[in-house]
Amino acid sequence: MDSGPQYNPRTVEEVFRDFKGRRAGMIKALTSDVEEFFQQCDPDKENLCLYGFPNEQWEVNLPAEEVPPELPEPALGINFARDGMQSKDWLSLVAVHSDAWLLAVAFYFGARFVFDKADRKRLFNMINELPTIYEVVTGAAKKQAKEKSSVVLNHSSSSSRPKSNSKGGVVNINQGKQQQHTKVAQAAKEDEDEDEEEEEEEEEEHGDTLCGACGENYASDEFWICCDICERWFHGKCVKITPARAEHIKQYKCPSCSSNKRVRP
């Protein structure tokens with residue numbers, strides 16, 4: 001990994017500038033340079049990482065060999081999932097891990113140079129003013145900006161209306177709020193009852209199901225995933241699949257089916 005000359009930001013402003021540079025490079029990789037990024041993440045290569053640099057450049061490379069590394073390392077093996085899911089879902093997953101890495105690097109500098117509570121809070125607030133990489137890649141940032149401007153316009157419009165000082169008007173408003181709260185509470189209770197019924201039905205249906213890895217029985221309070229090839233069920237923890245990661249998997253293959261595919265001539 002060649003990131004150019006090394007430097008250590010020591011103030012809140014310098015760390016934030018470092019954060020913005022690395023963020024800009026990673027956004028570039030996942031948007032304007034996405035075709036090149038896609039090609040470099042070859043699943044046949046070893047574990048690869050996406051790095052962002054303070055000079056707004058990016059790089060796909062192997063992780064640092066030194067242990068412990070000089071800086072926190074990004075997510076390992078992003079190339080392995082490239083062809084196992086839709087491109088937009090894969091890019092979204094890489095974006096989430098990239099956001100986590102940027103925060104880790106920023107607060108690593110904060111810990112190393114002993115930022116106090118006020119400095120850490122100021123750094124977080126500065127970072128939080130920027131859209132996340134995930135929000136940029138998925139288009140959520142533009143949607144939020146439109147919604148925010150719409151709220152501002154509606155607020156300006158409502159504030160220009162004449163206000164009523166009559167007590168009757170206040171009573172009517174309060175009654176409306178009470179009715180609204182009652183409806184929300186009733187809807188929440190109905191949803192809770194439906195969830196309990198679904199859990200009972202699920203336990204009855206899968207009660208005799210055994211995990212294909214550890215052989216233990218099904219339990220509704222644990223995350224399970226089914227292989228789309230052999231149709232066996234597995235604890236998520238046994239095959240190292242989290243609920244968040246499962247949402248982005250188009251077709252799940254268990255370790256056994258994956259290895260069987262690789263040994264075919």
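All residue numbers refer to positions in the sequence shown, counting from 1.
In this structure, Cys226 SG and Glu231 CD are separated by 6.0 Å, a value rounded to the nearest 0.5 Å. How far CZ of Arg232 is from OG of Ser256: 5.5 Å, rounded to the nearest 0.5 Å. The CG atom of Asp33 sits 13.0 Å away from the CE atom of Met26 when rounded to the nearest 0.5 Å. Rounding to the nearest 0.5 angstrom, the gap separating the CD atom in Glu135 from the CG atom in Leu130 is 10.5 Å. Atoms CD and CG, from Glu46 and Leu76 in turn, are 10.0 Å apart once rounded to the nearest 0.5 Å. Once rounded to the nearest 0.5 Å, the distance linking NZ of Lys237 with CD1 of Ile225 reads 15.0 Å.
Checked by atom type, the side-chain pair Gln40/Glu36 shows a donor-acceptor distance below 3.5 Å. Side-chain contact check for His235 and Glu216: no donor-acceptor pair (N or O, by modelled atom type) lies under 3.5 Å. Donor-acceptor pairing under 3.5 Å is lacking for the side chains of Tyr51 and Gln57.
Two residues are said to be in side-chain contact when any heavy atoms from C-beta on lie closer than 4.5 Å; Met126 and Val12 meet this criterion. The side-chain heavy atoms of Ile241 and Phe223, taken from C-beta on, include a pair separated by under 4.5 Å. Between Val15 and Leu123, the closest side-chain pair of non-hydrogen atoms falls below 4.5 Å. The shortest side-chain heavy-atom distance between Val60 and Cys41 falls under the 4.5 Å cut-off. Within the 4.5 Å cutoff, the side chain of Leu50 has no heavy atoms near those of the Pro74 side chain. Using a 4.5 Å heavy-atom threshold, the side chains of Pro131 and Arg23 count as touching. Taking the side chain as every heavy atom from C-beta outward, Ile27 and Val137 never approach each other to under 4.5 Å.
With hydrogens and angles ignored, the 3.5 Å screen pairs a side-chain donor or acceptor of Trp101 with a backbone N or O of Pro72. Of the possible polar contacts, none joining the Asp18 side chain to the Pro9 backbone as a donor-acceptor pair under 3.5 Å is found. Side chain of Lys28 to main chain of Trp58: no donor-acceptor pair is present (N/O by atom type, distance under 3.5 Å, no hydrogens or angles). Distance alone, capped at 3.5 Å, is enough to place a donor-acceptor pair between the Arg82 side chain and the Phe38 backbone. Between the side chain of Asp99 and the main chain of Thr132, no donor-acceptor pair closer than 3.5 Å is present. With hydrogens and angles disregarded, no donor-acceptor distance shorter than 3.5 Å links the side chain of Gln251 to the backbone of Asp228.
Ile229 and Val239 fall into different hydrophobic clusters, where Ile, Leu, Val, Met, Phe, Trp and Tyr residues are linked whenever their side-chain heavy atoms come under 4.5 Å apart, directly or through other members. No continuous path of ILVMFWY side-chain contacts below 4.5 Å connects Trp224 to Tyr252, so the two sit in separate hydrophobic clusters. Following chains of ILVMFWY side-chain contacts shorter than 4.5 Å, one can reach Phe124 starting from Phe109, so the two form part of one hydrophobic cluster. Following chains of ILVMFWY side-chain contacts shorter than 4.5 Å, one can reach Phe113 starting from Val105, so the two form part of one hydrophobic cluster. The cluster map of Ile, Leu, Val, Met, Phe, Trp and Tyr, joined by side-chain heavy atoms under 4.5 Å apart, puts Leu102 and Leu71 in the same cluster.
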Given the rule in the side chain to side chain contact (heavy atoms under 4.5 Å, CB included) test, do Phe234 and Cys254 qualify, once you have shown the distances and angles that lead to the verdict? CA-CA 8 Å; Phe234 297 86; Cys254 68; 3.5 Å; yes
Would you please test Val94 and Leu30 for side chain to side chain contact (heavy atoms under 4.5 Å, CB included) and show each step? CA-CA 8 Å; Val94 175; Leu30 299 175; 4.0 Å; yes
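Between Glu13 and Arg122 there is a salt bridge, since at least one side-chain N of the basic residue sits less than 4.0 Å from a carboxylate O of the acidic one.
A ring-centre distance under 6.0 Å is found for Phe37 and Trp90.
Summarising the geometry of His248 relative to Ser92, their closest heavy-atom pair is CE1-CB, 4.4 Å, with the distance given to 0.1 Å. The heavy-atom pair separating Cys49 from Ala75 by the smallest distance is SG-O, 3.6 Å. Residue Ala213 comes nearest to Cys238 through the heavy atom pair CB-CB, 3.7 Å, listed as atom of the first residue, atom of the second, then distance. The heavy-atom pair separating Asn47 from Leu62 by the smallest distance is O-CD2, 3.1 Å.
Cation-pi geometry between Arg120 and Phe107 is not met: the NZ or CZ atom fails to fall both under 6.0 Å from the ring centre and inside 45° of the normal.
Within a 6.0 Å radius of CD in Glu35, no more than 12 heavy atoms belonging to other residues, nucleotides or ligands are found. Residue Lys20 qualifies as open at atom NZ: its count of foreign heavy atoms under 6.0 Å is 12 or below. Heavy atoms from other residues, nucleotides or ligands lying under 6.0 Å from CD of Glu66 number more than 12.
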